[in-house]
Amino acid sequence: MERNQSKKMSKPSKTSLAKGGSKRGKILIIPKQIVTADSKETVLKDRAVEITDNKISSIIPVSEIKKENYIEVFDARDLTLIPGFIQTHIHLSQTLFRGLAEDLPLLEWLRLKIFPFENAHNENSLKAAVQLSINELLMSGTTTLLDMGTLRYGEVVFEEMIDSGIRGFSGKCLVDVNELYPEFKSTTENELKDLQKLAQTFHNSGQGRVKYSFSPRFVLSCTEKLLKETKEIMNDYPESIYHTHSSENIDEINEVRKRFHKENIEYFNSIGVLDDHTVLAHCVHTSENERKMLKEKNTKVAHCPSANLKLGSGIAPIPQYLKEGISVTLGADGATCNNNLSIFNEMRLASLIQKAIHGTEVMDAKTIFRMATIEGAKALHLENEIGSIEVGKKADLVLIDLDSYSNSSSDSDESIYADIVFSSTTENVRSVMVDGKWIVKDKQSLVYDQKEIVEKGKEELAMLLKRV
């Protein structure tokens, strides 16, 4: 298999994967149980999932299976079938820098490490970073992502997303002001021109799997003109997302107050960029008035607990958001502030850090699991396509082993959520399907040669550091 996987670097094999290959037809997956994440939170046993092309076409009793009707019958009666995980804040471009930006608060972290590193990217180093990131996400069961791109070479990210088979959004990060690291910016006019070109080329590409997200880096890196005109342009691209950072760190918030005499989210609201297609990463420090704005505008919060802890930013008031009806979903952020992209870490931490503050009853495992699946789909306006296992939805699926030595001995429906959220890790993921195509099978990537992309990453990082 390793020999075949190494062809990932050549254009023909990647194009073949993106188009689903030459053989199409019905696939049947027979799991031990199915955690559907539907509106009734149904857990099914003795059922099989039928996939026709890229959609779930039927869920049938195992007793009614006719194997001759399928081009593939995947017998996984020792595994649990769940929806693919959805992460709503990721930095694909940063994975090359893992371990190189330690023990710094946000603004110093950006000034001394992240902006210089990102500024040194060329097309080859960015491609290596994105391949490492997507591989890590897919191998750990994330099938959909919302990426905050870097300043240049946005087409590299989109091309790799298309070729890899993953589902998601990306967009070049927008920076036309940068007092922290002035070399890492562009002009307002060039930023608007470049994002238009990328959106025209890549929005709804990859047979609709890949969409554009309009991505101002954060308030301190953008002029008001750039923030507002980006939002206006976004309205020309239905199904796109407005994605930025907000209210992450006290020093950041103090600087926002100094410049604009408003809180971060109040400023966003004053210039008209908040609505139900806006996703704000972090929202660790918010006022009562800002929370009212989030609720009124139906703006989405992407919670990144690992990054918030590692950068010393704080603990977001997630139970309060949920109580007030504010949408909250999960993201690993970047490998430079986490230091991995595992949704399992984010699920576990999202629950445990709140229990220490608010009591054991908050952030239960079922709530967390839904934040990482169907609620993520809702935040991206994809709930009619993904996020749960239901007939008519896209076949974005994960087979996970819940019978390992570290998992629960109970097979009850109630224990299954805790088993996924608290007892499982990336090691429990066995197979991953996106859009009806196997991307990971029996713990083997069908997209990337693991050794090759790691070696390439080391080579590109060594050259990048010479450019910093």
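Not measured: the values here are computed from a predicted model. Numbers for residues simply follow the sequence, beginning at 1.
For the atom pair K231 NZ and L226 CG, the distance stands at 13.5 Å (nearest 0.5 Å). Here I162 contributes atom CD1 and S205 contributes atom OG; the two are 3.5 Å apart, rounded to the nearest 0.5 Å. Rounding to the nearest 0.5 Å gives a distance of 10.5 Å between OG of S351 and CE of M347. To the nearest 0.5 Å, atoms NE2 (H303) and CG (L322) are separated by 9.5 Å. How far CD of Q450 is from CG of L132: 9.5 Å, rounded to the nearest 0.5 Å. Residue Y267 holds its OH atom at 5.5 Å from CG of L227, rounded to the nearest 0.5 Å.
Under the 3.5 Å distance criterion, the side-chain polar atoms of T244 are matched with a main-chain donor or acceptor of P216. In this structure, the side chain of S215 engages the main chain of S213 through a donor-acceptor pair within 3.5 Å. In terms of modelled atom types and a separation under 3.5 Å, the side chain of Q196 and the main chain of L192 share no donor-acceptor contact. At distances below 3.5 Å, at least one donor-acceptor pair connects side-chain atoms of S424 with backbone N or O atoms of D419. When atom types are taken as modelled, the side chain of H381 and the backbone of D276 share a donor-acceptor pair closer than 3.5 angstrom. Panel note: side chain D333, backbone C304; no donor-acceptor pair is recorded below 3.5 Å. Between the Q354 side chain and the A316 main chain, a donor and an acceptor come within less than 3.5 Å of each other. Under the 3.5 Å distance criterion, the side-chain polar atoms of T150 are left unmatched by any main-chain donor or acceptor of R152. Using a distance-only test at 3.5 Å, with no hydrogens or angles considered, no donor-acceptor pair links the side chain of E160 to the main chain of V130.
Classification of K437 and D435 as a salt-bridged pair holds, one side-chain N sitting under 4.0 Å from a carboxylate O. Of the charged side-chain nitrogens involved, none lies within less than 4.0 Å of a carboxylate oxygen, so that E266 and R257 do not count as a salt-bridged pair. Salt bridge annotation for E288-R291: absent, with no cationic side-chain nitrogen under 4.0 angstrom from a carboxylate oxygen. A salt bridge is defined here as a Lys NZ or Arg NE, NH1 or NH2 lying under 4.0 Å from an Asp or Glu carboxylate O, and K456 with E460 meets this definition. In summary, E118 and R217 engage in a salt bridge, as defined by a charged side-chain N under 4.0 Å from a carboxylate O. Between K228 and E232 no salt bridge is recorded (no basic side-chain N to carboxylate O distance below 4.0 Å). Under a 4.0 Å N-O distance rule, the pair E385/K393 does not qualify as a salt bridge.
Nearest approach of T299 to T278, heavy atoms of both residues: CG2-O, 3.4 Å. Heavy atoms only, all atoms of each residue included: M363 and P319 are closest at CG-CG, 4.2 Å. Taking each heavy atom of G165 and V434 in turn, the nearest pair found is O-CG1, 3.1 Å. P317 approaches V284 most closely through the heavy-atom pair CD-O, 3.3 Å. Counting all heavy atoms, side chain and backbone alike, L330 lies closest to A350 at CD2-CB, 3.9 Å. Listed here is the closest heavy atom pair of P116 and V468: CB-CG1, 4.0 Å.
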- request: Could you walk me through whether E179 and R111 pass salt bridge (Lys or Arg N to Asp or Glu O under 4.0 Å), step by step?
  value: CA-CA 9 Å; E179 295 182 4; R111 181 176 70 85; over 6 Å; no

- request: Kindly indicate, with the supporting measurements, whether the criterion side-chain contact (heavy atoms from CB on, under 4.5 Å) is fulfilled by I386 and L380.
  value: CA-CA 10 Å; I386 59 171; L380 301 178; 6.0 Å; no

task: Kindly determine whether E239 and K211 satisfy salt bridge (Lys or Arg N to Asp or Glu O under 4.0 Å), including the steps that lead there.
output: CA-CA 8 Å; E239 302 178 347; K211 301 180 188 295; 2.9 Å; yes

- prompt: Do T143 and V432 pass the side-chain contact (heavy atoms from CB on, under 4.5 Å) test, and can you show the C-alpha distance, the side-chain angles, and the key distance before you say yes or no?
  reply: CA-CA 8 Å; T143 55; V432 179; 3.6 Å; yes

query: Can you check side chain to side chain donor-acceptor pair (under 3.5 Å) on T286 and Y321, steps first, answer last?
result: CA-CA 10 Å; T286 56; Y321 291 154; 2.8 Å; yes

- request: Take M161 and L145 through the side-chain contact (heavy atoms from CB on, under 4.5 Å) test and state the conclusion after the steps.
  value: CA-CA 10 Å; M161 287 177 66; L145 63 94; 4.2 Å; yes

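Residues forming a ring pair (Phe, Tyr, Trp, His ring centres under 6.0 Å) with H282 (at least two apart in sequence, or on another chain): H89, H245.
The shortest distance between side-chain heavy atoms of V256 and L220 falls below 4.5 Å. Counting heavy atoms from C-beta on, the side chains of V301 and L294 come closer than 4.5 Å. Considering only heavy atoms from C-beta on, H285 stays 4.5 Å or farther from E263 through its side chain. Using a 4.5 Å heavy-atom threshold, the side chains of L137 and F85 count as separate. Within the 4.5 Å cutoff, no side-chain heavy atoms of R430 are placed close to those of V398. Residues S423 and S406 fail the side-chain proximity criterion, which asks for heavy atoms closer than 4.5 Å. The shortest distance between side-chain heavy atoms of T144 and Q87 does not fall below 4.5 Å. By the 4.5 Å heavy-atom criterion applied to side chains, I374 and S388 are counted as neighbours.
Side-chain N/O atoms of D176 and T188 include a donor and acceptor closer than 3.5 Å. No side-chain N or O of N54 forms a donor-acceptor pair with one of Q207 less than 3.5 Å apart. A donor and an acceptor atom, one from each side chain of E427 and T425, are nowhere located under 3.5 Å apart. Side chains of K300 and N298: a donor on one and an acceptor on the other come within 3.5 Å. Neither side chain, R209 nor N204, offers a donor N or O lying under 3.5 Å from an acceptor on the other. Side chain to side chain, S140 and T426 fail the donor-acceptor criterion of an N or O pair below 3.5 Å.
Taking the ring centroids of F158 and Y212, they lie under the 6.0 Å cut-off.
The environment of K295 atom NZ is sparse: at most 12 non-hydrogen atoms of other residues, nucleotides or ligands sit within 6.0 angstrom.
Judged as a salt bridge (Lys or Arg N to Asp or Glu O under 4.0 Å), the pairs with a partner in residues 185-203 (not counting sequence neighbours) are, in order, K172-E191. The side chain to side chain donor-acceptor pair (under 3.5 Å) contacts involving residues 335-345 comprise Q94-T336, E102-N339, K310-N339, N338-E346, N340-N345, where partners must be two or more places apart or lie in separate chains.
Of the listed residues (F214, F169, F202), just one forms a ring pair (Phe, Tyr, Trp, His ring centres under 6.0 Å) with Y237, and that residue is F214. If you run ring pair (Phe, Tyr, Trp, His ring centres under 6.0 Å) between H121 and each of F97, F184, F115, only F97 comes through. Applying side-chain contact (heavy atoms from CB on, under 4.5 Å) to F344 and the options V421, I400, T142 leaves one that passes, I400.
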